[in-house]
Every structure is written in structure tokens, then in C-alpha cells.
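A short write-up of the structure that comes next.
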Amino acid sequence: QVHVVESGGGLVQPGGSLRLSCTASGNIVSINSMGWYRQAPGKERDLVAAVTSRGSPNYADSVNGRFTISRDYAKNTVYLQMNSLKPEDTAVYYCNADIRVDWYKVNNYWGQGTQVTVSS
């Protein structure tokens with residue numbers, strides 16, 4: 001079994017910063033990619049940022065320049081440093097990972113989500 005758990009959300013004022021963490025655990029052979037998605041009320045779940053196993057990052061245009069994604073490969077952990085937060089960043093943030101659990105099998109996993117609220 002593989003579990004993906006994220007943390008670090010909370011309430012922050014506009015212009016503030018938060019750092020989200022996500023750790024995968026269980027029967028992991030390797031992790032192909034890890035990333036962050038977010039979903040606001042009444043909206044679709046959209047990609048925020050992701051990194052491949054080769055370390056190549058990509059960002060949504062709305063967060064590019066403000067957010068930074070990074071991985072700690074030894075800890076099976078991905079971070080999302082969020083700076084210059086805006087009210088429109090308010091959403092539930094979900095960790096996602098493509099994880100190899102066997103030589104022939106790669107599965108996709110979601111974390112439970114962590115709430116980020118940007119408000120005065």
C-alpha cells in the first residue's frame with residue numbers, strides 16, 4: 001500500500017507565505033513525478049506545479065514566479081513554497097504522485113488535501 005499525505009496549509013494574509021509538504025510512503029520502487037493541484041469551491045481541480053523524476057519543474061501561469069516546487073528524493077517528499085499569496089490562491093491543495101510500485105506497474109495517488117486560505 002502507498003499513502004500520500006500533505007500538510008502545511010492554513011490562514012495567511014495577502015502577500016504572505018506558506019510552505020506545503022507532501023510525503024509518500026509505503027511499497028515504493030520509485031517516484032516518477034510529484035506535483036500540486038488545487039481546487040477552489042465550484043471550480044475544477046487544476047495543476048499548480050509539478051516536478052518529474054529528472055527534476056524538471058513546470059508551473060501554472062497564475063503562480064509562476066511566486067511559487068517554487070522542490071523535491072527531497074531521499075525522503076520521498078515534495079514541497080511547495082508559496083510566496084506573495086493572493087486571495088485567488090485560496091483553495092484546497094492536493095498532492096499528486098505517479099509512483100512505481102512494481103517493475104511493470106505505475107499508479108497515480110492523491111493526498112487528502114490541505115486548506116489554504118488567503119484573507120485579511
Side-chain angles (χ1 to χ4, degrees):
Q1 293 182 333
V2 172
H3 298 277
V4 176
V5 180
E6 61 267 77
S7 63
L11 175 65
V12 64
Q13 294 183 344
S17 298
L18 285 174
R19 184 181 66 187
L20 306 183
S21 299
C22 171
T23 299
S25 62
N27 300 117
I28 299 171
V29 176
S30 63
I31 299 178
N32 291 344
S33 65
M34 300 185 77
W36 293 93
Y37 291 71
R38 67 186 181 187
Q39 187 168 23
K43 302 293 185 180
E44 294 183 344
R45 187 176 299 185
D46 294 325
L47 174 70
V48 177
V51 288
T52 69
S53 60
R54 294 178 291 181
S56 300
N58 65 87
Y59 299 92
D61 289 341
S62 59
V63 307
N64 195 24
R66 299 187 296 120
F67 292 8
T68 302
I69 189 169
S70 61
R71 283 179 63 177
D72 186 331
Y73 291 88
K75 297 181 179 180
N76 292 330
T77 297
V78 64
Y79 304 94
L80 185 68
Q81 178 66 48
M82 304 186 294
N83 298 324
S84 301
L85 283 162
K86 304 174 181 179
E88 50 263 44
D89 295 319
T90 296
V92 177
Y93 284 69
Y94 297 91
C95 182
N96 180 265
D98 284 334
I99 298 175
R100 182 171 295 280
V101 297
D102 208 340
W103 69 270
Y104 64 91
K105 184 72 170 180
V106 176
N107 289 334
N108 184 259
Y109 297 90
W110 289 98
Q112 81 286 352
T114 184
Q115 177 71 48
V116 172
T117 302
V118 184
S119 175
S120 299

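In this chain, numbering begins with 1 at the start of the sequence shown. Reckoned from all heavy atoms, side chains included, excluding hydrogens, waters and symmetry mates.
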Do Val92 and Ile69 sit in one hydrophobic cluster, given that two such residues count as connected whenever their side-chain heavy atoms are within less than 4.5 Å of each other, even indirectly?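 They do not share one cluster, since no chain of ILVMFWY contacts under 4.5 Å joins Val92 to Ile69.
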
Please go through Trp103's hydrophobic cluster and name the other residues, only I, L, V, M, F, W, Y counting, with side-chain heavy atoms under 4.5 Å joining them.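 Tyr104, all in the cluster of Trp103.
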
For residues 15-29, please give each side-chain donor-acceptor pair under 3.5 Å, one per line with the distance, not counting sequence neighbours.
residue, atom, partner, partner atom, Å
Ser17, OG, Asn83, OD1, 2.9
Thr23, OG1, Thr77, OG1, 2.9
Asn27, OD1, Gln1, N, 2.8

According to the ring-ring contact (aromatic ring centres under 6.0 Å, His included) rule, which pairs have a member within residues 51-90, sequence neighbours left out?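 Applying ring-ring contact (aromatic ring centres under 6.0 Å, His included) to every pair that reaches into residues 51-90, excluding sequence neighbours, yields nothing.
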
Which heavy atom in [X] sits nearest to a heavy atom in [Y], and how many Å separate them?
| X | Y | result |
| --- | --- | --- |
| Arg71 | Val51 | CD-CG2, 3.0 Å |
| Ile31 | Met34 | CG2-CG, 3.4 Å |
| Val78 | Cys95 | CG1-SG, 3.9 Å |

Cut-off 3.5 Å, side chains only: do Tyr109 and Asn107 have a donor facing an acceptor? yes

Side-chain donor-acceptor pairs under 3.5 Å in residues 113-120, sequence neighbours left out?
residue, atom, partner, partner atom, Å
Thr114, OG1, Gly9, N, 3.1
Gln115, NE2, Ala91, O, 3.4
Gln115, NE2, Thr117, OG1, 3.3

Nearest 0.5 Å, please: how far is [atom2] in [Y] from [atom1] in [X]?
| X | Y | atom1 | atom2 | result |
| --- | --- | --- | --- | --- |
| Asp72 | Lys75 | CG | NZ | 5.0 Å |
| His3 | Gln112 | NE2 | CD | 11.5 Å |
| Arg54 | Ser33 | CZ | OG | 11.0 Å |

Any [X] side-chain heavy atom under 4.5 Å of [Y] side chain:
| X | Y | value |
| --- | --- | --- |
| Leu80 | Glu6 | no |
| Leu47 | Asn58 | yes |
| Asp89 | Arg66 | yes |

Please step through side chain to side chain contact (heavy atoms under 4.5 Å, CB included) for the pair Val12 and Met82, ending with a clear verdict. CA-CA 11 Å; Val12 64; Met82 304 186 294; over 6 Å; no

With a sphere of 6.0 Å drawn around CD of Glu44, does it hold more than 12 non-hydrogen atoms of other residues, nucleotides or ligands?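 No, the 6.0 Å shell around CD holds no more than 12 heavy atoms from other groups.
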
Where at least one partner belongs to residues 27-71, residue pairs that pass disulfide (SG to SG under 2.5 Å), sequence neighbours excluded: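 Qualifying pairs, neighbours excluded: none.
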
List the residues meeting ring pair (Phe, Tyr, Trp, His ring centres under 6.0 Å) with Tyr37, not counting sequence neighbours, and say none if there are none. Trp110

